[in-house]
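Basis for what follows: all heavy atoms, side chains included, without hydrogens, waters or symmetry-related copies. Below, read A as the first sequence line, B as the second, and so on, with proteins coming before strands; counting in each chain starts at 1.
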Amino acid sequence: MEPKIKETSWNPEIEKQILKQWEDSKAYEFRLEGDVFVIDTPPPYPSGRPWHIGAAAHYAQIDMIARTARMQGKNVLFPIGIDRNGLPVELYTEKKYNIRMHETDRAEFLNLCSTALNDLEAEMIQIMKSLGLSGNFSEYYRTDSEQYRSLTQATFIELWKKGMVYIANRPNNYDWVTGTTIADAEIIYEEIPTKLVYMKFKIKDSDMILTIASTRPELLCACQAIIVNPDDERYSSVIGKSAIIPVINREVQIRTHPSAEKEFGSGAVMACSYGDQNDVALFRELKLEEIVAIGKNGRMTEVAGAYSGLKIKQAREKIIEDLQNQNLVEKIENINHRTPISERSKIPIEIIAMEEYYLKQKESVEKIKELGSKIVFHPSMHKQILMNWLESITIDWPISRRRFYGTEIPIWYCKKCSEPHVPEPGRYYRPWKDPSPISKCTKCGATEFVGEERTFDTWMDSSVSPLYVSKYNKDKEFFKKTYPASIRPQSKDIVRTWLYYTVLRCEQLTGMTPWKDAWIMGYGVDEHGAKMSKSKGNVVDPLPVIQKFGADTFRFWSASEINLGYDFRCSEQKIETTKKFLSKLWNISRFLSGFPIIKSATTTPTDNWILSELDKVVSECRKGFEDYNFFVPSTSIREFTWNLFAAHYIEMVKGRAYSTGFSEEERDAAIFTLHKVLSTLLALLAPITPFITDYLWQQIQYSDKTVHKEKFPQAENPQDWTRFTKPITEFNSNIWNKKKEQNLSLKDAIEVEIPEDLHQFAKDLKAMHNLKP
RNA sequence: GGGUUCAUAGUCCAGUUGGUUAUGACGUCGCCCUUACACGGCGAAGAUCCAGGGUUCGAAUCCCUGUGGACCCA
């Protein structure tokens, strides 16, 4: 019989035709009716070539979630967004044009950023499409669009009116070269050689000398306490006494705190505003009054006395010199110090108190814990990341940034009395250039205003993504049916940020959890298990891989290689070998496509056995799909298809299907079963490898429409025949071995007794191995 | 320093509530064109299940201690 399928292997080029077919038929269009399934898709950030292969694998799996839900009969809202706010594009633009953001015209700088993003975005969308994502590309959103930013601003205004926002003067990471507060995420750490200076402090009203080691002697003038460990017996006699700061000649108290390590330096440390983050915590905890020793220009302030006006480094050298001249230095060690560096200017950051806006979060922690416990995490172990984070929240969230490419904080200040005013929500506001929408100061009645220049932390935008896709404040009917969303897929490393902030803000705004499920994926690492980075040169670019092997190969690799929630290794070689399975599937289909489709038949024991094994696969797959864990179905299908269906069943019934020595009924039963198994496998695989399954489905003509409109298969056979699997496969192996031992070809006849328990399969076994009667 | 997590053949991975001989794949080595497939088939070799201790009739699996790695936070 002529097979309907001619070629002997799957050609990934066909994917392009199929993609077009889906697009033309609007196969994945969302309808707001029936059972609605909403995905809070993570909008990827277009950070430049190559797109991380782990991210591509991640999105392939999110699409599997969408397709699974669709085959369960749901209407799936699968939005596609692009995250465009924030630091990376600013850095990219500064580097590309060799300019500095704060020294460039703001409007011009924004334009450059936007253009850069457009190029990077276009390529990203192309990759997402070619991966076969069934998302809503025709209405993809951008987080820097007027629509999106006006939502961010509206939610801010709403919280402002609820009294959730306040302004406070607190120490922050500060990069004095570029003149901006920066987030922790923008700090990198480097081991830098530095001097650890052991300085002599006199104890007041005694002859005792207390030695204190510090890498920041220039901050002596900002010292407000000496700290020793409460268990450190060397210092128990001086606790509560005062010490005299050398050179500065000011008294400070000696106190205890567990953060003072006995082994570091002399065991006694000075708390200055601010040497590092620990100092910040100490000042807060011990309620010390801060002394501003370093100005925003990176120079010592007046409190530094003789050192005032000097740059930090100069001041350090000068004060060491003075200490030595006055014999106040015990010794100096050269050490490597893990120093926080600004990612942007590569200089050590300073911690300086600045006025910033804060969103209250401390009082929401209990409520978030409650909501968090109701969200179903996949895998469940990653819920712990959120819970641990909630335990460690001690301060409110600083939300203002001194950046350009972000959503503007919609505030205008009265020129006369400085009273801040927020406008009405609904529009997109740019206070740095827009005329004030406020006409009269509510406090003093003045009529002139100055716009705020700062922007929001980008998580302020990202954290309202479920509200955006559900048309919050825009379409009540739509919102009601699509919020809370069904699932938030995202990666493990941003649970503390994106996931947490989303729950926080959605709770504050709607009182509800933003989604029912959270699906947390691990990182893609290189083939040796190391993190990929451009500097290490171990980055794998997904684009050529997809072009070479096809999206389905990439997707199947992603499904079968990644166990949900765990890190996974990426290597081109592994992806390549995955393609073999698609070839296998293709050839099985090619073989079957030569036989007519038979709708029903009276099956034989051999048929019942494989159908029973098929049912087992179906059940396992359904379990995996329900948990959105595609590792389970993909590996289970591959094993069944290759090692049972192809290797044993097809070989066993080949003779019967060709009808040599069998009745018509027996032949029909074989053909029926072959098609039953294959069509079930294609449907099960459809969410994972949508191209090849759809193509084969339509070529063999299992139905006249796409496989993606099918319902998921269910286990159908009540009788369990799987106890025969082992005897059958062992029997077949035995014969193959025997023929090999006797140097026989597989088609040569052989005399072998069929064991008692396999008698009901005898006819097929005889035909398969050419057993002598 | 705190937390999460992992540890099974040369490599990657499975092992559900503890139960005969530890799963599969890649790679290696042999043989083989067998009416779907050489991008294939069959076979073989390859594991003190990280170490030590405990619970148990029985532990890769449960508990404790340790070691090593990855990541997050400080």
A.B. asks: Within the 4.0 Å heavy-atom criterion, would you say A:Asp493 contacts the bases, only the backbone, or no part of the nucleic acid?
C.D. replies: nothing

A.B. asks: Does the pair A:Trp459 and A:Tyr500 meet the rule for a side chain to side chain contact (heavy atoms under 4.5 Å, CB included), with working shown?
C.D. replies: CA-CA 10 Å; A:Trp459 295 116; A:Tyr500 164 69; over 6 Å; no

A.B. asks: Out of A:Lys616, A:Lys623, A:Glu620, which residue meets the side chain to side chain donor-acceptor pair (under 3.5 Å) rule with A:Ser636?
C.D. replies: A:Glu620

A.B. asks: At under 4.0 Å between heavy atoms, how does the protein contact nucleotides 30-42 of chain B? Give one character per nucleotide, 5' to 3', with B, S or -.
C.D. replies: BB--BSBB-BSSB

A.B. asks: Could you work out, with side-chain contact (heavy atoms from CB on, under 4.5 Å) as the rule, every residue matching A:Glu13, not counting sequence neighbours?
C.D. replies: A:Asn11, A:Lys16

A.B. asks: Can you check the distance between B:G10 and B:A45, where both ends of the measurement are the C1' atom (answer in whole Å)?
C.D. replies: 13 Å

A.B. asks: Walk me through it: do A:Tyr695 and A:Trp10 pass the test side chain to side chain contact (heavy atoms under 4.5 Å, CB included)?
C.D. replies: CA-CA 10 Å; A:Tyr695 186 77; A:Trp10 164 240; 4.2 Å; yes

A.B. asks: Determine the interatomic distance between C1' on B:G2 and the same-named atom on B:C26; round to the nearest Å.
C.D. replies: 39 Å

A.B. asks: Using the C1' atom on both, measure B:G41 against B:A9 and round to a whole Å.
C.D. replies: 24 Å

A.B. asks: Map A:Arg638 and A:Lys623 onto RNA chain B by nearest heavy atom, then report which one ends up closer to the 5' terminus.
C.D. replies: A:Lys623

A.B. asks: Reading 5' to 3' and counting Watson-Crick or G-U wobble pairs with both distances under 3.5 Å, write the dot-bracket notation for RNA chain B, | for bases paired outside the strand.
C.D. replies: (((((((..(((......[....))).(((((.......))))).....(((((..]....)))))))))))).

A.B. asks: Side chains of A:Trp736 and A:His769, heavy atoms from C-beta outward: is any pair under 4.5 Å?
C.D. replies: yes

A.B. asks: Tell me, for nucleotides 7-12 of chain B in 5' to 3' order, what letter each nucleotide earns: B for a base near a protein heavy atom under 4.0 Å, S for only sugar-phosphate near one, - for neither?
C.D. replies: -----S

A.B. asks: Just checking A:Glu664: does its CD atom have more than 12 heavy atoms from other residues, nucleotides or ligands closer to it than 6.0 angstrom?
C.D. replies: no

A.B. asks: Ring of A:Tyr358, cation from A:Arg170 - is the NZ or CZ under 6.0 Å from the centre and inside 45° of the axis?
C.D. replies: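 Yes, A:Arg170 sits over the ring of A:Tyr358.
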
A.B. asks: Hey, what do you get for CD1 (A:Ile575) to CZ (A:Arg555), rounding to the nearest 0.5 Å?
C.D. replies: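 Separation between the atoms: 14.0 Å.
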
A.B. asks: Take A:Val280 and A:Ile351 through the test side chain to side chain contact (heavy atoms under 4.5 Å, CB included) and record every step on the way to the result.
C.D. replies: CA-CA 8 Å; A:Val280 177; A:Ile351 296 167; 3.6 Å; yes

A.B. asks: Give me the distance, rounded to whole Å, that separates B:G52 from B:U67 when you measure between the P atoms they each carry.
C.D. replies: 15 Å

A.B. asks: Supply the atom-to-atom distance A:Gln698 CD to A:Leu682 CG, rounded to the nearest 0.5 angstrom.
C.D. replies: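 If we round to the nearest 0.5 Å, A:Gln698:CD and A:Leu682:CG are 11.5 Å apart.
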
A.B. asks: Give me the distance, rounded to whole Å, that separates B:U17 from B:A70 when you measure between the C1' atoms they each carry.
C.D. replies: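 Roughly 30 Å separates the two C1' atoms.
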
A.B. asks: In whole Å, what separates the P atom of B:A60 from that of B:U16?
C.D. replies: 13 Å

A.B. asks: Indicate yes or no: at least one non-hydrogen side-chain atom of A:Ile588 is less than 4.5 angstrom from one of A:Thr641.
C.D. replies: yes

A.B. asks: Any chance you could lay out the side chain to side chain contact (heavy atoms under 4.5 Å, CB included) test for A:Arg590 and A:Glu7, step after step, and finish with the verdict?
C.D. replies: CA-CA 8 Å; A:Arg590 188 164 81 99; A:Glu7 301 77 13; over 6 Å; no

A.B. asks: More than 12 non-hydrogen atoms from neighbouring residues, nucleotides or ligands closer than 6.0 Å to NZ on A:Lys6, yes or no?
C.D. replies: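 For A:Lys6, atom NZ is crowded (more than 12 foreign heavy atoms under 6.0 Å).
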
A.B. asks: Taking atom types as modelled, find out whether A:His378 and A:Asn629 have a side-chain donor-acceptor pair closer than 3.5 angstrom.
C.D. replies: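 No pair is found: no donor N or O on one side chain lies under 3.5 Å from an acceptor on the other.
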
A.B. asks: Please give the distance between the C1' atoms of B:G19 and B:A36 as a whole number of Å.
C.D. replies: 41 Å

A.B. asks: Polar atoms only, N or O, under 3.5 Å: list the protein pairs with nucleotides 3-6 of chain B and their distances.
C.D. replies:
| unit_1 | atom_1 | unit_2 | atom_2 | d |
| --- | --- | --- | --- | --- |
| B:G3 | O2' | A:Asn388 | ND2 | 2.9 |
| B:C6 | OP1 | A:Tyr566 | OH | 3.3 |

A.B. asks: Sort me out a list of protein N/O and nucleotides 17-22 of chain B N/O pairs below 3.5 Å, or just none if empty.
C.D. replies:
none

A.B. asks: Can you check the distance between B:C49 and B:G3, where both ends of the measurement are the P atom (answer in whole Å)?
C.D. replies: 30 Å

A.B. asks: With side chains defined as the heavy atoms from C-beta onward, is the minimum distance between A:Asp607 and A:Phe672 less than 4.5 Å?
C.D. replies: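 When only atoms from C-beta onward are counted, A:Phe672 and A:Asp607 do not touch, as no gap falls below 4.5 Å.
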
A.B. asks: Side chain of A:Thr577, heavy atoms from C-beta onward: which of B:A14, B:C26, B:G24 has the nearest atom to it?
C.D. replies: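 Per side-chain heavy atoms of A:Thr577, the pick is B:C26.
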
